[in-house]
Number of protein chains: 4
Amino acid sequence: MKKRAISDDAKAEKKQRMLDAALDEFYEKGFTAARMDDIAARCGLSKGTLYLYFNSKETLFNGLIETVAKPKQGHIVHMLQAAPSAHLALTALTEFVPQVIAEGRLPKLIKILIGDCKAFPEIIQGYRKKVIEQALAALAELFERSNQSGETRIAQPALFARLVVAPVVLSAIWQAVFAQDGDPPLDLKALFVLHRQMLMNALTMDPTEDA
Amino acid sequence: MKKRAISDDAKAEKKQRMLDAALDEFYEKGFTAARMDDIAARCGLSKGTLYLYFNSKETLFNGLIETVAKPKQGHIVHMLQAAPSAHLALTALTEFVPQVIAEGRLPKLIKILIGDCKAFPEIIQGYRKKVIEQALAALAELFERSNQSGETRIAQPALFARLVVAPVVLSAIWQAVFAQDGDPPLDLKALFVLHRQMLMNALTMDPTEDA
Amino acid sequence: MKKRAISDDAKAEKKQRMLDAALDEFYEKGFTAARMDDIAARCGLSKGTLYLYFNSKETLFNGLIETVAKPKQGHIVHMLQAAPSAHLALTALTEFVPQVIAEGRLPKLIKILIGDCKAFPEIIQGYRKKVIEQALAALAELFERSNQSGETRIAQPALFARLVVAPVVLSAIWQAVFAQDGDPPLDLKALFVLHRQMLMNALTMDPTEDA
Amino acid sequence: MKKRAISDDAKAEKKQRMLDAALDEFYEKGFTAARMDDIAARCGLSKGTLYLYFNSKETLFNGLIETVAKPKQGHIVHMLQAAPSAHLALTALTEFVPQVIAEGRLPKLIKILIGDCKAFPEIIQGYRKKVIEQALAALAELFERSNQSGETRIAQPALFARLVVAPVVLSAIWQAVFAQDGDPPLDLKALFVLHRQMLMNALTMDPTEDA
DNA sequence: CATGAATGAGATTTCATTCAT
DNA sequence: AATGAATGAAATCTCATTCAT
C-alpha cells in the first residue's frame with residue numbers, strides 16, 4: 001500500500017545530519033539566536049525539509065538531548081554501579097571522561113544547556129534529575145559502600161562526589177567556551193591523571209586534620 | 001560647565017538599576033532572547049531612557065562585564081600574589097570563593113558569558129585572557145614558588161591550578177543553572193572546606209605513585 | 001489506443017471522491033485555508049495523485065462548480081419556462097427547493113462561493129450571469145406572462161422574483177453557516193409551504209395600498 | 001508620571017482607520033487570505049503599528065465584530081420590542097434595513113462571517129446566539145403579542161419571522177457578493193417597500209387555504 | 001530629560017507544487 | 001499510476017532602535 005520514496009536508512013542518515021548541524025548552530029549561536037535557515041543550509045537541505053523531520057525548533061533541540069546526552073549517561077551510571085571498588089571506579093571514570101570530552105559533542109551540548117537553561121526549565125530540570133543527580137547519587141552510593149567495606153574513609157560522600165565531578169564540568173566548559181583553534185589544546189589525559197591521584201590520595205584521608 | 005538637570009549621583013544610581021535589571025534579564029533569557037522592553041520594565045523606566053544611558057543592547061552587555069567581573073578579578077590576583085605560602089593562599093581562596101558565589105551576581109554573569117560566548121568572541125576571549133588566564137597563571141606561579149621553597153611538591157603546577165579552580169566553576173554553574181527555589185541550597189562552605197582539605201593533602205603528595 | 005492501466009470508471013469514481021473531499025474541505029476552511037494535504041487525506045489518496053487528476057487547487061475549485069451547481073441550474077430554469085401558470089410554477093419551485101437545500105451540497109458550495117467570491121471574481125460573476133440572473137430572469141418572465149394572461153397582478157416582476165428567491169438564499173446560508181449538529185434542524189418543508197402561501201397571496205395583491 | 005506621546009483621540013482615530021482597512025481587506029480576500037501587510041499599507045501605517053494596537057490577526061477580526069455588528073443589533077431589537085403594533089414594527093424595520101444595507105459595512109461583515117464561519121466557530125455561534133437568534137426571537141414574540149391582541153393571525157410566528165428576515169440576508173449578500181461597480185445598483189428601497197406590502201398582506205392571511 | 005509610538009528587518013512556520021522513486 | 005519527500009515563496013509576528021512629543 002505505502003510506497004516509500006526513500007529508504008528508512010536514508011531517512012535516518014538525513015535526520016542525523018540535521019542533528020549534527022543543529023548541534024553546531026545551537027552551540028555557536030545559542031538556541032534563540034540560531035536560525036533554522038542556517039541549520040538547514042549547514043546540512044545542505046532546505047528549510048522545508050528540516051520541518052518535515054522536526055516539527056519545530058524546540059523539537060529539534062529535544063532531539064539533541066536524546067541523541068547526545070542520554071547514551072553517555074547510561075554508560076557512566078552503569079560503570080559506577082558495577083565497580084568492585086572505589087579505586088577501580090575512579091580509575092575507570094577518569095579514563096572514560098577525557099575521551100567523552102575530547103570527542104566534542106557533549107561539551108557543546110553542555111554549553112547549550114547552560115546558555116539556554118532558563119528558556120527551557122523543564123528540559124534542564126529533567127536533565128538535572130535524570131542525568132546529573134543520578135550520576136552524583138551513584139557516586140555517593142559507591143563511596144558509602146566503600147566506606148562500609150573499609151576501603152575508604154570519606155567523611156561526606158555527597159560533597160566528595162561533587163569534587164569528583166568538578167573537573168569534568170571545568171574541562172567541558174573550557175573545551176566548549178574558552179578553547180580556541182590556535183591554542184595548544186588542554187591536555188585532558190594528564191589533567192585527569194592528576195585528578196585521579198588527588199582523589200586516590202583523599203580516599204583514605206584523615207578527616208580530622210581540618211584547616 | 002552647564003548646570004545639570006539631575007545630579008551625577010542620581011544618574012549613577014539609575015545606571016546601576018539598569019545594569020541590575022539587565023543582569024537578571026540576560027541571565028534568565030540569554031542575550032539574544034532578552035528584550036529591551038523587559039529590561040526597561042524591570043527597572044521601572046522606559047525603553048527610551050534605557051537608550052539614553054546605553055547606546056545599544058551590546059553596550060549594556062559590556063557594561064555588565066565591567067561592573068560585575070572586573071572588581072573580583074583584581075582582588076583574587078592580589079590575594080594570590082601577596083600570599084606568603086601556598087597553604088595560606090589556598091586557605092584564603094577557599095574562604096573567599098564561597099562568598100562570591102553565594103552573593104549571586106558572578107554566577108549569573110558566568111552563565112551569561114557561557115551562553116553567549118560565541119556571539120561575542122572578542123568579549124569572551126578578552127575575559128579569558130584578562131581574568132581567567134591571569135588567575136591561573138598567578139596560581140601556577142604561587143605553586144612554583146612554594147615548590148622552590150620546599151613547602152610543596154607539585155609535579156604540574158599548571159594542571160594543578162586548574163584542579164584548584166574546578167570547584168569554583170562547578171559551584172557557579174550549579175548555582176546559576178541547576179539550583180531551584182525549592183531545593184536545599186548547595187552547602188558552599190562545607191564544599192570548599194572539603195576541597196581545601198584535599199588540596200592541602202595533595203600539596204606534598206608523592207607524584208611517583210601513578211595509577 | 002493504448003491499453004488503460006485502470007478503467008475509465010475507476011478514474012471517474014476516484015475523481016468524484018476527490019471532488020467530494022474538496023467540497024467538504026473548502027466548505028470547512030475556505031478556499032485559501034484548505035490544504036491540499038487534507039483534501040488528499042480525506043479521500044484516502046496521496047497528494048501526488050490529487051495533482052494527477054487536477055492540475056492545481058484552482059482547477060479543483062472549478063471542478064466543484066461544474067459538478068455541483070450546473071446540474072441544478074438547468075433543472076430550475078426548465079421548470080420555470082415550462083410552467084403553464086405562475087401558481088403551478090411557484091408550487092413546483094417551493095417543493096423542489098427544500099430537497100436541494102436538504103441534500104446539502106449546494107448550500108456548501110454557496111457558502112464557499114460567498115466566502116471566496118472576491119478571490120475568484122470571474123468565477124463568481126460567471127456564476128451570477130449564468131445561474132443567478134438566468135433564474136431571476138426566467139422568474140420575471142414567468143410573472144410577466146401571468147400578468148398578461150390575467151392570472152396575476154404583479155407590479156414589479158423583477159423585484160418580486162428576488163423576494164421569491166430570498167428564502168432560498170436564507171435557508172442555504174442557515175444550513176451551511178448557522179446550523180449546528182446539536183440543534184433541531186430548520187423545518188425546510190414547513191418554511192417553504194408558508195413562503196408559498198405568502199407568495200400566492202401576493203400574486204393578486206392590490207398594489208395601490210402602499211404604506 | 002506617564003507622558004503621552006500622542007493623545008487618546010489620535011489613538012482612537014488610528015484604531016478606527018485600522019478597523020476600516022481590515023474590514024475592506026477581509027471582505028476582499030477573506031480572513032485567511034488577507035495579509036496583515038496589506039491591511040497596514042491600506043491605512044498608511046506599518047505592520048508593526050498594527051500589532052501595537054491589535055495583538056493578532058484574530059484580535060483585529062474580533063474588533064470588527066464589536067464595532068460593526070454590535071451597535072446595529074441593539075437598535076433593531078429595541079425597535080421590535082418597543083413597537084406598539086406588528087404593522088408599525090414592520091414598517092419601521094423595512095425602512096431601517098435598506099439604510100443599513102446601503103451603508104455598506106454590515107453586508108461586508110456578513111460576507112466575511114459567512115466565508116470564515118467554520119474557521120471561527122465560537123465567533124459565528126456567538127454571533128448567531130447573540131444577534132441572529134435574539135432578533136428572530138424578538139420578531140416571533142412581537143407576532144405572538146399581535147396575535148393575542150387580535151391585530152394579526154399568524155399561524156407560525158417563528159417561521160414567519162424567518163421569512164421577514166430573508167430579504168435582509170438576500171440583499172446583504174447581493175450587495176456584498178454579486179453587485180459590481182458597473183451595474184445599476186439594486187433598488188433596496190423599492191425592494192423593501194414591496195416586501196412590506198407582502199408582509200402586511202400576510203399578517204391577516206387565512207392559514208387554512210393551503211396550496 | 002523622559003517617554004512610548006512607530007518602524008521594518010528578520011525570525012519561525014506553512015503549504016502548493018514538483019519530481020524521483 | 002501512485003507516492004510522499006523536497007522545495008522555497010510567503011505569511012504571521014517580534015523587537016532593537018529611533019524620534020516626535
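Just so we're on the same page: letters track the sequence lines, and every chain starts at 1.
Nearest nucleotide to the side chain of B/Lys47, out of E/dA2, F/dA6, F/dA16: F/dA16. Nearest nucleotide to the side chain of C/Ser46, out of F/dA2, E/dT17, E/dA2: F/dA2. When each of E/dT12, F/dT12, F/dA5 is scored by its nearest atom to the side-chain atoms of D/Arg35, the top-ranked nucleotide is F/dT12.
F/dA11 is paired with E/dT12 under the criterion used here, namely a Watson-Crick or G-U wobble arrangement in which both key atom distances are under 3.5 Å. Using Watson-Crick or G-U wobble geometry with both donor-acceptor distances under 3.5 Å, E/dT21 finds its partner in F/dA2.
Residue B/Tyr51 places no side-chain N or O under 4.0 Å from the OP1 or OP2 atom of E/dG4. In this structure, B/Lys14 reaches the E/dA2 phosphate: one of its side-chain N or O atoms is under 4.0 Å from OP1 or OP2.
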inquiry  = Evaluate C/Phe120 against C/Phe31 for ring-ring contact (aromatic ring centres under 6.0 Å, His included), listing each step before the verdict.
reply    = CA-CA 10 Å; C/Phe120 302 100; C/Phe31 177 80; 4.6 Å; yes

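The nearest heavy atom of DNA chain F to B/Met36 and to A/Leu45 marks one nucleotide each, and the one closer to the 5' end goes with A/Leu45. Nucleotides of DNA chain F nearest to D/Asp37 and A/Met18 differ in position, and the one nearer the 5' end is that of A/Met18. Nearer to the 5' terminus of DNA chain E, by closest-nucleotide assignment, is the contact made by D/Gly48 (compared with the other of D/Gly48 and C/Gly48).
Residue B/Ala40 is classed as having no contact, given no heavy-atom separation below 4.0 Å to the nucleic acid. Across all strands, C/Ala41 comes closer than 4.0 Å to no nucleic acid atom at all (heavy-atom distances). Residue A/Tyr53 is in sugar-phosphate contact alone, with no base atom involved, counting any heavy-atom pair closer than 4.0 Å across all strands shown.
Taking atom NZ of A/Lys29 as the reference point, atom P of E/dT12 lies 10 Å away to the nearest angstrom. Note: CD1 (D/Ile39) to C1' (F/dT12) measures 11 Å, nearest angstrom. Here the P atom of nucleotide F/dG8 and the CG atom of A/Leu52 are 14 Å apart, to the nearest Å. Summarising the geometry, the separation between CG on A/Asp8 and P on E/dT21 is reported as 16 Å, rounded to the nearest angstrom. Nucleotide F/dA5 holds its P atom 15 Å from the CG atom of A/Asp9, rounded to whole Å. The interatomic distance linking C/Leu60 (CG) with E/dT17 (P) rounds to 10 Å, in whole Å. In this structure, NZ of B/Lys57 is placed 11 Å from C1' of F/dT14, rounded to the nearest angstrom. Taking atom NZ on C/Lys15 and atom P on F/dA1, their separation rounds to 13 Å, with Å as the unit.
In this structure, B/Lys108 fails the cation-pi test against B/Phe26, since its NZ or CZ atom is not both closer than 6.0 Å to the six-membered ring centre and inside 45 degrees of the ring normal. For B/Lys57 and B/Tyr51, the positive end is not near the middle of the six-membered ring at less than 6.0 Å and at most 45° from its axis.
For the pair C/Tyr27 (side chain) and C/Arg105 (backbone), a donor-acceptor distance under 3.5 Å is absent.
One side chain, C/Gln16 or C/Asp20, offers a donor N or O that lies under 3.5 Å from an acceptor on the other.
Ion pairing between D/Asp38 and D/Lys29 holds under the 4.0 Å rule for side-chain N and carboxylate O.
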